[in-house]
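Chain A is the first sequence line, chain B the second, and so forth, proteins listed ahead of strands; every chain is numbered from 1.
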Amino acid sequence: MNWSSPVTHHLLIAVFGILGLSSLIGWILKRRAVTETGRATVQNLVSRTNSWWVMVIVLFTALSAGRTGTTLIFAAVSFLALREYLTVTPTRRADHAALFTAFFIVLPCQYWLVHTGWYGMFAIMVPVYAFVLIPMLTTLGGEVEDFLERNARTQWGLMVCVYFISHIPMLLTLEVEPLRMGPAGLILFLVAVTQGSDVFQYVWGKLCGRRPIVPRLSPKKTLEGLVGGVLTASLLGAAMFRLTPFPPWQAALVALALCIMGFFGGLVMSAIKRERGIKDWGTLIEGHGGMMDRIDSLCFSAPVYFHILRYFYTRD
Amino acid sequence: MLRSTAVLLTRLITGMNPAWVDCEPDHPGLRVYFANHGSHLDFAALWAALPHAVRERTRPVAARDYWGRTRLTRTVIEIFNGLLIAREGISRRDNPIEQMAAAMHEGHSLILFPEGTRSADGRIGEFKAGLYHLAGRVPEAELVPVHLQNLNRILPKGHLLPVPLISSVVFGPPMKLEAGERKQDFLARARQAVLNLTPGNPC
């Protein structure tokens with residue numbers, strides 16, 4: 001991360017300004033809330049804001065530690081997400097070897113590939129090698145029941161929690177046009193737009209949300225929230241174009257694509273939660289639920305963003 | 001040192017978040033914690049879930065024919081200050097109830113798995129009579145039902161390497177042997193008390 005660039009300074013002022021402002025608002029509302037539900041809502045806002053402080057500080061620390069630090073932090077994110085995912089997913093004793101391999105062989109290998117920047121192997125390790133290795137190990141468990149489902153679930157977890165998330169630190173290996181803030185700006189753009197889209201959808205939904213889109217999967221996601229949130233986050237993307245190789249209008253378009261991927265990523269993860277009959281993936285992040293609840297929209301947007309950049313914007 | 005490492009390691013591997021339902025964690029008196037059994041990690045997890053001061057005077061009860069086998073298993077069980085008892089060949093001189101009662105009279109609480117062995121499929125089996133006899137022998141002790149979940153997935157029977165899933169340890173309201181309560185009734189009631197703590201069960 002290039003600390004001397006004015007772009008970095010503006011970004012830091014904006015991010016910590018917004019966090020400070022939400023903490024201030026939370027503090028004022030806390031003193032004003034009278035009803036029981038009002039207090040609960042404000043408490044939720046305050047814990048969410050506090051968790052955002054932690055997440056933002058962790059992200060900036062990782063990014064300033066360069067590629068190694070960023071890779072390690074996202075490896076930890078993948079580990080915690082995979083842990084939540086597999087805890088909730090029904091497995092059998094016969095899957096033990098496959099699950100152990102997923103945690104302690106596939107995950108470290110994938111992030112080691114990120115660290116070395118070996119793109120060819122990075123791109124095929126999970127979809128090809130893990131795909132054949134996991135059912136190979138499952139067969140040795142000798143259990144027939146739900147055989148296809150069990151393998152599919154494990155492979156899904158690896159794709160979503162490990163493979164897709166590993167595309168975020170892999171952004172640092174792309175050779176795009178010289179960036180004012182350094183390659184860390186690519187990650188910050190992705191995270192700010194995708195997570196911003198979540199926050200704006202929540203806010204627009206609260207303000208004027210009426211028509212739920214898929215009430216059975218996610219009753220709180222409304223059409224008004226989606227349109228308002230996605231447009232606002234696309235504008236945010238356009239405003240952050242200096243972090244990226246895009247001119248403003250392209251930044252808005254890429255942000256739009258990320259928001260749509262993020263929306264469906266969140267919806268898919270929510271559908272899995274409904275299927276399992278749970279509300280949150282875990283209790284790791286106060287006010288948010290688990291790690292998976294926070295990164296569900298990044299799972300789908302990260303790989304698409306990576307390939308947009310790699311295909312259209314890298315020097316060859 | 002070895003013990004705090006064991007606690008930290010157990011907590012890391014099992015990702016647990018102990019829950020206490022109508023049960024005081026820092027109870028000063030004698031207790032018997034009894035739980036469902038599906039993994040070698042069970043006693044370590046239950047033990048690590050206790051508050052430090054309580055843990056120091058709580059001993060897991062383990063089968064001597066299994067844990068007393070080799071030097072390695074004996075070393076492991078010593079870290080947890082385990083109490084080894086006989087499952088078979090019980091005589092007046094080698095009586096597990098007397099050994100447990102003696103440990104309790106020295107001021108130790110106990111961790112007990114009344115099924116007697118690890119369940120292979122995660123279902124909770126029938127309880128053996130030991131808990132009933134011990135409750136009659138040490139009537140002042142509180143009996144605390146504990147429900148353990150996912151530990152049998154983290155380290156199933158027959159495996160040596162753990163898969164780091166998230167487990168749950170739920171402590172329930174303490175119970176006692178009622179005056180004149182029959183053995184079968186008491187054991188069924190104790191087993192039901194563990195079942196009632198299944199996460200997601202409205203009770």
**Student:** Where does the angle between the aromatic ring planes of B:Phe43 and B:Phe80 fall among parallel (under 30°), tilted (30 to 60°) and perpendicular (over 60°)?
**Tutor:** perpendicular

**Student:** Can you tell me which portion of A:Phe79 sits under 4.5 Å from chain B's heavy atoms? Options are side chain, backbone, both or neither.
**Tutor:** side chain

**Student:** Hey, is A:Glu143 close enough to A:Arg150 for a salt bridge, meaning N to O under 4.0 Å?
**Tutor:**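 Salt bridge absent between A:Glu143 and A:Arg150.
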
**Student:** Using 30° and 60° as the class limits, which term best fits the ring planes of A:Phe104 and A:Phe100: parallel, tilted or perpendicular?
**Tutor:**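 Correct class here is tilted.
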
**Student:** Taking atom types as modelled, find out whether B:Arg153 and A:Thr91 have a side-chain donor-acceptor pair closer than 3.5 angstrom.
**Tutor:**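 Yes, because at least one side-chain N or O of B:Arg153 sits under 3.5 Å from a partner of the opposite role on A:Thr91.
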
**Student:** Checking A:Thr89 against chain B: side chain, backbone, both or neither under 4.5 Å from a heavy atom?
**Tutor:** backbone

**Student:** I'd like to verify something: which residue of B:Pro156, B:Ser167, B:Pro162 has the highest number of heavy-atom pairs under 4.5 Å with chain A?
**Tutor:**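 Option with the greatest count: B:Pro156.
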
**Student:** Heavy-atom cut-off 4.5 Å, strictly under: side chain, backbone, both or neither for B:Asn17 against chain A?
**Tutor:** side chain

